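Each remark here refers to the structure printed beneath this line.
Since we're looking at a predicted model, the values are computed, not measured. Within every chain, numbering begins at 1; the chains are lettered A, B, ... in the order of the sequence lines, protein sequences first and strands thereafter.
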Amino acid sequence: MTAELAKAYDPASVQDEVAKVWDDEKCFHAEPTDPGEPYSIVIPPPNVTAALHLGHALNNTLQDILIRRARMQGKNTVWLPGTDHAGIATQTVVEKRVLKEEGKRRTEFERDDFVKKIQAWKDEYEQVILGQLKAMGCSCDWDRTAFTMDEPRAKAVREAFFQLFKAGLIYRGKRLVNWDPATLTALADDEVENEEVDGFFYYLKYPVVSSTGISPVNHGRDGHATEYITVATTRHETMLGDTAVAINPKDPRAAALKGKFVRLPIVNRIIPIIEDDYVVLPVSLGGDPADTKAQMATGFLKVTPAHDPNDYDIGQRHNLDIINVMAPDASISDKHGWSDIGDAGFLLGQSREEARKLVVKWFKDNALLEDQKPYRHSVGHSYRSHVAIEPYLSDQWYCKVTDKRLAGAALDAMNPSQISRGTGFQPVAEGEQGLKTHATNTGITFYPERYAKTYQTWHENIRDWCISRQLWWGHRIPVWSSSATRIDFVNLPANATVASMESDGMQYICLRENDTDCIANLERAGFSQDPDVLDTWFSSGLWPLSTLGWPLAAEAASPADSASGLATSVAGDASSDPPPNALSTWNPTSVLCTAREIITLWVSRMVMFNQFFQGQIPFKDVFIHAMIQDGDGRKMSKSLGNGVDPLDIISSHGTDAMRFTLTSMATNTQDVRMPVVRDETTGKNTSPKFDLGRNFANKMWNAARFALMQIESNQSQVANSESQFTTLDRWIMSRFNKTVTECDEAISNYRFDQYARACYDFFWRDFCDWYVEIAKVQFKDETKKSTTAQVIATVLDGSLRLMHPMIPFVTEKLWWKLNEVCPDRGIDGWINRGTNSRVRAQVDGDGNSTRIITAQWPIPGQTDDSAEAIVSNLQELIAQIRTARNDYKVSPKQSVTVTIVAPDCGAEQINLHRDMLESLATCKIAGVETAITTPPVNSTKITAGACEIYIEGLVDEAAEQLRNTKRRDELTKAIAAKKGRLANAGYIAKAPPHLVKETQDQLAAEEAELKALSV
RNA sequence: GGGCGAUUAACUCAGCGGCUAGAGUAUCUCCUUUACACGGAGAGAGUCGGGGGUUCGAAUCCCUCAUCGCCCACCA
């Protein structure tokens, strides 16, 4: 039956066959009521904007490793898949497509019609993405597939918004937002990217007047008497909205200017000169010479509250008017809060860029431009449209994340051992707000630890979160408003489903449920729903809750206390509790596995929301993996054309190959590089790195093929006694057990590269290179062949299990074959009989699974240091003979005759392993002695550790010279280094004694060898 | 401006106080030996970015400089 196995591993056919079985048998599905300690992961939902790239392949491979291992460990394991609607990103790609294909802009469509187009795009890419995840072998519970905008998630969003609204954590604000004038929407702080831009500092002169606006006063720059003061700015077009000029109270000119005004050029607005210590003093007046701002500053700052966040703050402090001089597209406009346009009529309707030029020209023409200096500074740009952000005054919804119950709770959620103290950290007190009541709330641990700092700093400096977006694609804000209607005129249902607030003379009604009657009532009364949608991260922030069924039916129906963040129930702690549900079983999830770029965008919000709504952390660990870059350290991107499509690699190398390579690259650095080359035959991007995985999968396939053939023909007799195992058998089992321990530690610490390496080294080096070759010898021995088959089957079985999480397809297929060849399995079956203290899988339930995906994960058995020491010596002997054969150019097939001199007890072991030595070193052992007086004639002596080997017939004088010279040089160098070390009194006195002894012993051996070589 | 990462063989990376600094790829030699040429046996290849310090001992810890990259803050 092993003849069925092809000579080379064919990934495509195996993947299809195996995937079908997993799917048919619903191997990925779990229920909350299933036995076992819960283990859960929510997938970072990929954006439906595009197909998955290699970064996703890495991310999801690592999650799948964790999931598959947990499942094999008998945990109640679930991996929740899904996708994200990615509001602005998706709307933008669809707008581009529609413009290209239909030549129409979004605004030419009705809202519902355009949303349908986006929906169609989403449907298309959701299928692509889910198909890719399946192709990657991801063992997600597909029955639980979610989308951030499907109905269960929409329900969670409404509930969350309602609870926050009711708790006073959502407010309406006329604030400066990061406005994207191209897509006409507000952006969150972290959606803004900074770019260096070459610009100019302009020095504008403003005439000083008394309060009446008539008489000039003489105070100006650097104290020189003039009727002007000079402000310095890079955003001169916003001067139209200036409502004050500020000076530092420490400025010597401040006293004289107290109570004075300036007449704003062009608009002729009379604005006050105010004092605020935000203003930087120029170097000439005591400012910091190293501060570029102080170098450029005049000491007078134009204050434009509507167009600069800092000016806005100054405006708040001094009760200044806020005059917005721009339309939403960033053109100059008098329709959005600006009436006293003065002489600025010529600027109306101009773009901000054009206005900038015109304003400079005006100042120049009117001799009010004192100077201009080149200046390079960074300017915020939209991460989507890439146009410069405009700080823009608009009405937005805010979530008060600065509240203790949110940011405070997020800090409180940290693993105490990872908190950096003394940075202003103020955790919510134990018990306060009812947080930290859950038994599992021991704190979130970051891997690698350094990212805890990123997280902490973010929350310590957090600002309120603007959650409204002027988009069509997203969760519509569940608030209805009216300016005139009095709320008591409206016939509203019970208080539990409605919350209201008043702001700026407007009535706002928030609805908990999508209650059509209620909405009809409201709309009849003149209320209308807010046109905006919520920031994408609002729904993603709920992901660990919403994918697991939050809000629960009962909770949502009652006027829960949870609105104030009080979570009093502890899952499953009382007999009267309802049966376990997905939420109570799997939240908190076990680990969040993601990239560092979204620690602030996503991780933070999930923690705040989970803490607030559920009173517990959303995940116990956060694992941040490296980012894959191309060979030149650049990000992989479509525009650079340096991306690699996972599906291309799957078809060229196989899924397991891709997964193995990615796993071995998952070190704990920030970035890893993957050289990208273009495959000339397919025209597609690939990377030579994937050959590593392809070769490994093939090696595994072939080693198993050999093992299966041997097992089939050698399993007639069964060993029941430990004593029947050879040293070599015990050696490979010991190596296996150490490998299991290494893998366990590696995975537990999220060091996936170490897991891959441990598997590779064990399987290829120890098992294939050594044990399989040894087994070939043992199979020829009637007394050993049965136990050898048993050991090879046991170790193969264990190896397949150990590697299954990483390379699931090939291991599953081979395990089935192993089952066919020796069906008498299980802990008491043929494989484990006699070996079960040495190679073990977790006992409970093992033997019943017919699929490796649900078979038991290995646990380390007995190790055997004495066998390892013996084999290590034998390996050294073989290596030396092989090297000598190569050095003397002996043909690989030609045997040589050797005499081995092994002092002490080494001779006994060599005699015991004669067959194996002769086979692996292609030699004939003429004799094994403990000492020798006359070396065999015509022989060359080589050394291997404590042994000497005389190889007959090697008489190449030149080769011998070369060899001896090389060895002598090595020894001389090593001896000199050790003598130096031992001559150091400090070393003898302070180094651990065993090291000193080791050095002395090694020195003695090396000196002896050198002496022997010289005679 | 603040923080973080990287700099080790030609390439991609391990190692992070004590083995002659390792692996894979590439290179060179030999081998189509009945698991595997997606293979086997060998070989060559590194003053561990520069400088300073701590230590008996540094690729590994500290300081400093340089180069590349990322994150946060600032956009007078």
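Checked by atom type and distance alone, the side chain of A/S664 pairs as donor or acceptor with a backbone atom of A/T661 at under 3.5 Å. Formation of a donor-acceptor pair under 3.5 Å by the A/N702 side chain with backbone atoms of A/K7 is found in this model. A distance-only check finds a donor-acceptor pair linking the side chain of A/R596 to the backbone of A/Q670 [under 3.5 Å]. Judged by distance alone, the side chain of A/H653 and the main-chain N or O of A/S651 form no donor-acceptor pair under 3.5 Å.
Out of B/rA35, B/rA76, B/rC38, the shortest distance to the side chain of A/R694 is found at B/rC38. Listed nucleotides: B/rG24, B/rA35, B/rA41. Nearest to the side chain of A/Y760: B/rG24.
Whole-Å rounding puts the A/Y987 OH to B/rA58 P distance at 12 Å. Atoms NZ (A/K990) and C1' (B/rU55) sit 8 Å apart, rounded to a whole Å. Regarding A/D671, its CG atom lies at a distance of 11 Å from the C1' atom of B/rC71, rounded to whole Å. Summarising the geometry, the separation between CZ on A/R967 and P on B/rU20 is reported as 12 Å, rounded to the nearest angstrom. For the pair A/K817 NZ and B/rA35 C1', the computed distance is 15 Å after rounding to whole Å. Rounded to whole Å, atom P of B/rA35 lies 13 Å from atom CZ of A/F767. For the pair A/N698 CG and B/rG40 P, the computed distance is 10 Å after rounding to whole Å. The NZ atom of A/K699 sits 10 Å away from the P atom of B/rC36 (whole-angstrom rounding).
When the C1' atom is used for both B/rC11 and B/rG51, the distance is 28 Å, rounded to whole Å. Nucleotides B/rC31 and B/rU12 place their P atoms 33 Å apart, quoted to the nearest Å. Distance noted for atom C1' between B/rU20 and B/rU25: 24 Å (whole Å). A gap of 16 Å separates the P atoms of B/rU55 and B/rC62, to the nearest Å. Here, B/rG69 and B/rA26 have their C1' atoms 26 Å apart, quoted to the whole Å.
Proximity of A/K893 to the phosphate of B/rC30: no side-chain N or O atom is located under 4.0 Å from OP1 or OP2. Dashed line: the shortest gap from a side-chain N or O of A/R765 to OP1 or OP2 of B/rG24 is under 4.0 Å. Residue A/T234 has a polar side-chain atom (N or O) positioned under 4.0 Å from OP1 or OP2 of B/rA76. A sub-4.0 Å separation between OP1 or OP2 of B/rA14 and a side-chain N or O of A/T667 is present. A sub-4.0 Å separation between OP1 or OP2 of B/rU20 and a side-chain N or O of A/K978 is present. Remark: A/W770 is not in phosphate contact with B/rA41, judged by side-chain N or O atoms under 4.0 Å from OP1 or OP2. Residue A/K966 has no polar side-chain atom (N or O) positioned under 4.0 Å from OP1 or OP2 of B/rU20. At least one side-chain nitrogen or oxygen of A/T669 sits closer than 4.0 Å to the OP1 or OP2 atom of B/rA14. Between A/N984 and B/rG57 there is no side-chain polar atom (N or O) within less than 4.0 angstrom of OP1 or OP2.
For A/D308, there are no salt bridge (Lys or Arg N to Asp or Glu O under 4.0 Å) partners two or more places apart in sequence or in a different chain.
A/E1006 and A/Q1002 form no side-chain donor-acceptor contact under 3.5 Å, judged by distance and modelled atom types alone.
Evaluation of atom-type donor-acceptor distances gives no pair under 3.5 Å for the side chain of A/K7 against the base of B/rC36. Below the 3.5 angstrom threshold, one finds a donor paired with an acceptor across the side chain of A/E773 and the base of B/rA35.
For RNA chain B, the neighbouring residues in residues 750-758 of chain A, judged by any heavy atom under 4.0 Å, are A/R751, A/Q754, A/R757.
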Checklist entry - Given A/V810 and A/F660, is the side-chain contact (heavy atoms from CB on, under 4.5 Å) satisfied, shown in steps? => result CA-CA 11 Å; A/V810 69; A/F660 182 83; over 6 Å; no
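The residue among A/E970 and A/P688 whose nearest nucleotide of RNA chain B is located toward the 5' end is A/E970. With RNA chain B read from its 5' end, the first of the two nearest nucleotides for A/S891 and A/R882 is the one closest to A/S891.
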Please tabulate the protein-to-nucleotide N/O contacts below 3.5 Å involving nucleotides 1-4 of chain B, giving atom names and distances.
| residue | atom | partner | partner atom | Å |
| --- | --- | --- | --- | --- |
| B/rG3 | O3' | A/K453 | NZ | 3.3 |
| B/rC4 | O2' | A/Q670 | OE1 | 3.1 |
| B/rC4 | O2 | A/Q670 | OE1 | 3.2 |

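Aromatic pair A/Y451/A/F446: ring centres not closer than 6.0 Å.
In this structure, A/R463 places its CZ atom where only 12 or fewer heavy-atom neighbours from other residues, nucleotides or ligands lie under 6.0 Å away.
Across the strands present, B/rA58 finds no partner; the criterion is a Watson-Crick or G-U wobble pair with both atom distances under 3.5 angstrom.
Heavy-atom minimum distance, A/E773 versus A/K776: OE2-NZ, 3.1 Å.
Ring geometry for A/Y9 against A/W701 counts as tilted: the plane angle lies between 30° and 60°, on a 0 to 90° scale.
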